[in-house]
Engineer: 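Before anything else, here's the structure in question.
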Amino acid sequence: MTSETGPRFDDRRRPAPVSFPVSLTIAGSDSGGGAGIQADLRAMAAHETFPTSVVTSVTAQHTRGVERSTALAPDDVRAQYEAVADDFAVGAAKTGMLGTADVVRTVRACVAEATFPLVVDPVMVATSGDRLLDPAGERACEELVGEATLVTPNRDEAAVLVGSDSTEPTPREAGERLLEMGAEAALVTGGHGDGDTVRDVLVTDAGVRAFAHPRIDTAATHGSGCSLSAAITANLARGEDLETAVAEAVSFASRAVRYPLDVGGGPGVVHPLVEVRNDAEAQSTVATVRGLVDQFVAMDVGPLVAEVGMNVVGATPYAEAIDETAAVEGRITRTLDGVEPNRGVRFGASSHLARFLLAAREHDPGLRFATNCRLTASTRRGLERLDAPVAWFDRTAEPDEASTMDWAADRVFDRADEPPRAVADEGAVGKEPMIRVVGGTPAEVESLVEHLLDEAAAGGEP
């Protein structure tokens with residue numbers, strides 16, 4: 001008897017084509033992969049568009065800097081653009097590093113008759129403050145601004161574009177001048193500024209909107225501007241209105257900076273695929289939390305269940321919000337036969353414990369799971385014998401305007417020599433004493449809970 005090693009002709013599977021909106025980046029290549037065309041393509045693909053490209057220059061660079069840069073001939077740039085525009089229905093495009101005045105003028109001529117939205121990221125000033133275009137190139141870039149649906153300079157680039165070398169204009173002033181130069185809208189980004197808050201200011205004919213978010217204490221911002229403008233471009237290609245496209249891209253870029261890729265010998269680069277990776281872990285996170293709940297039921301953790309109930313929370317690997325944490329809807333409660341979850345596991349089901357876990361992750365991003373147990377004389381002894389860091393906080397010291405769980409996590413993690421794995425409090429008026437167990441894996445949380453359960457049993461806890 002013989003067996004076939006491949007499909008027969010009549011057994012071939014039918015293709016199932018997928019149609020994505022087309023996005024286009026016109027920018028330089030970064031051989032280190034952290035910025036430029038490479039970052040643009042990843043960010044555009046992450047936003048479910050089909051990314052196309054026009055390479056304007058080739059750089060020899062890495063995470064520590066640029067070793068060499070060669071601009072392509074304007075005719076080569078034009079040929080790439082015409083090849084893409086001839087075959088693809090481009091939904092939106094962006095420009096990045098253009099390199100020379102001739103290339104800037106060529107790109108402007110190419111997009112002048114385009115009907116798709118154009119995002120101009122004027123790569124003119126390096127993070128170090130060095131100019132990346134000569135005066136002729138800067139003047140040509142000012143003309144390109146007139147073709148832009150949106151121009152996205154940082155504050156230094158905005159000052160160059162509007163001709164303010166001595167007195168830096170405010171983001172609003174710079175944005176309004178960019179509109180006077182012909183741009184339909186301007187987003188003056190604040191990532192290169194100082195202070196604890198980043199403010200990106202969007203200026204349109206309809207008014208001004210600021211997008212504020214906490215500054216992330218990292219030097220691994222290589223590719224952040226490229227990723228932001230590429231995400232906006234992809235959102236526009238998908239048909240989103242400008243303000244929505246910008247708002248979603250700002251949130252995306254903030255997460256990409258929060259979880260940078262530790263590559264190369266420099267500080268690292270931003271992570272344009274972070275949301276894709278996070279979404280891919282959603283169902284497995286739910287399943288893991290459900291498995292931990294089942295294990296607690298099998299262990300009969302009744303002696304640890306507080307009057308308010310017990311919950312189990314799991315965060316996706318790059319969670320930033322409560323709706324990215326999975327928990328038991330209605331919590332785990334005691335029954336005549338042991339313990340049972342009231343309902344199933346879903347995202348956003350916990351607010352109290354989820355906020356604590358998210359706040360703890362600000363100090364230790366490896367933490368992904370948490371549960372709460374009641375504090376009794378027996379479990380207190382269990383904490384004293386626990387082979388893991390334990391921290392305490394006083395709920396009576398909580399400021400009136402504070403969110404309890406945010407405040408508590410910040411307080412104990414800031415003061416701890418090493419990140420705690422159990423955080424307890426004595427309660428307050430109307431608040432029962434509680435232990436919160438956190439860990440990077442479900443096994444770690446399970447082990448800590450099992451230890452507390454053994455102590456409760458030894459102490460005769462019901």
Engineer: Determine whether S350 and T325 make a side-chain contact, defined as any pair of heavy atoms from C-beta on separated by less than 4.5 Å.
Structural biologist: no

Engineer: When you look at CG of D387, are more than 12 heavy atoms from neighbouring residues, nucleotides or ligands closer to it than 6.0 Å?
Structural biologist: no

Engineer: Is there side-chain contact between R155 and P171, with heavy atoms separated by less than 4.5 Å?
Structural biologist: yes

Engineer: Under a 4.5 Å cut-off applied to non-hydrogen side-chain atoms, are D414 and H363 in contact?
Structural biologist: yes

Engineer: If every non-hydrogen atom of S29 is compared with every non-hydrogen atom of Q38, which pair is closest and at what distance?
Structural biologist: OG-NE2, 3.1 Å

Engineer: Residues two or more places apart in sequence or in another chain: which of them pass side chain to side chain contact (heavy atoms under 4.5 Å, CB included) with A422?
Structural biologist: L383, L386, V390, I435

Engineer: Could I get the full list of side chain to side chain contact (heavy atoms under 4.5 Å, CB included) partners for R355, not counting sequence neighbours?
Structural biologist: I322, S351, H352, S403, M405, D406

Engineer: Taking R42 for the side chain and G33 for the main chain, is one N or O donor matched with an acceptor at less than 3.5 Å?
Structural biologist: yes

Engineer: We want to know whether T204 and E184 form a side-chain donor-acceptor pair, criterion being a heavy-atom distance below 3.5 angstrom.
Structural biologist: no

Engineer: With T316, which residues qualify under side chain to side chain contact (heavy atoms under 4.5 Å, CB included), at least two apart?
Structural biologist: N278, T285, A319, E324, F347

Engineer: So, S23 side chain and T49 main chain: donor-acceptor pair closer than 3.5 Å or not?
Structural biologist: no

Engineer: Side-chain polar contacts of residues 85-98 - donor-acceptor pairs under 3.5 angstrom, sequence neighbours left out - could you list them?
Structural biologist:
unit_1, atom_1, unit_2, atom_2, d
K94, NZ, D40, OD1, 3.1
K94, NZ, D40, OD2, 3.2
K94, NZ, S229, OG, 2.8

Engineer: Mind checking what makes side chain to side chain contact (heavy atoms under 4.5 Å, CB included) contact with S53, not counting sequence neighbours?
Structural biologist: T25, I37, L41

Engineer: Listed by chain and number, what are the side chain to side chain donor-acceptor pair (under 3.5 Å) partners of T63, not counting sequence neighbours?
Structural biologist: none

Engineer: Any heavy-atom pair between the side chains of V107 and R105 that's under 4.5 Å?
Structural biologist: no

Engineer: Can you check whether F116 reaches T149 side chain to side chain, under 4.5 Å on heavy atoms?
Structural biologist: no

Engineer: Answer yes or no: is there a side-chain heavy-atom contact under 4.5 Å between S224 and V257?
Structural biologist: yes

Engineer: A quick test of your reading: do over 12 heavy atoms of other residues, nucleotides or ligands sit less than 6.0 Å from CZ of R172?
Structural biologist: no

Engineer: What I want to find out is whether R209 reaches D200 closely enough, with some N-O distance under 4.0 Å, to be called a salt bridge.
Structural biologist: no

Engineer: Over all heavy atoms of both residues, which pair between C110 and Y81 is shortest? Give the atoms and the distance, please.
Structural biologist: O-OH, 3.3 Å

Engineer: Looking at residues at least two apart in the chain, or sitting in another chain, which of them share a side chain to side chain donor-acceptor pair (under 3.5 Å) with R238?
Structural biologist: N235

Engineer: Answer yes when R108 and E142 have at least one side-chain N-carboxylate O distance shorter than 4.0 Å, and no when they do not.
Structural biologist: no

Engineer: Cut-off 3.5 Å, no hydrogens considered: what does the side-chain donor-acceptor table look like for residues 286-297, sequence neighbours left out?
Structural biologist:
unit_1, atom_1, unit_2, atom_2, d
T288, OG1, S284, O, 2.8
Q295, NE2, E446, OE2, 3.4

Engineer: Check whether more than 12 heavy atoms from other residues, nucleotides or ligands sit under 6.0 Å from atom CG of D417, and answer yes or no.
Structural biologist: no

Engineer: Given side chains that start at C-beta, do those of T371 and V449 come closer than 4.5 Å, heavy atoms only?
Structural biologist: yes

Engineer: Suppose we screen for salt bridge (Lys or Arg N to Asp or Glu O under 4.0 Å). Which residues come up paired with R368, at least two apart in sequence or across chains?
Structural biologist: none

Engineer: Could you list the residues that satisfy side chain to side chain donor-acceptor pair (under 3.5 Å) with R139, not counting sequence neighbours?
Structural biologist: none

Engineer: Within the 3.5 Å criterion, strictly below it, is a donor on D30 or H222 matched to an acceptor on the partner's side chain?
Structural biologist: yes

Engineer: Roughly how far, to the nearest 0.5 Å, is CG of L367 from CZ of F356?
Structural biologist: 9.0 Å

Engineer: Is any side-chain heavy atom of M310 closer than 4.5 Å to a side-chain heavy atom of R331?
Structural biologist: no

Engineer: Just to verify, what does E275 make a salt bridge (Lys or Arg N to Asp or Glu O under 4.0 Å) with, not counting sequence neighbours?
Structural biologist: R255

Engineer: What do you reckon, is CG of N342 surrounded by more than 12 foreign heavy atoms closer than 6.0 Å?
Structural biologist: yes

Engineer: To the closest 0.5 Å, what do you measure between CG (L187) and CG (L178)?
Structural biologist: 10.5 Å

Engineer: Please list all pairs passing the salt bridge (Lys or Arg N to Asp or Glu O under 4.0 Å) test where one or both residues lie in residues 48-70, with sequence neighbours left out.
Structural biologist: none

Engineer: For N154, does its backbone N or O pair with a side-chain atom of E157 as donor and acceptor, under 3.5 Å?
Structural biologist: yes

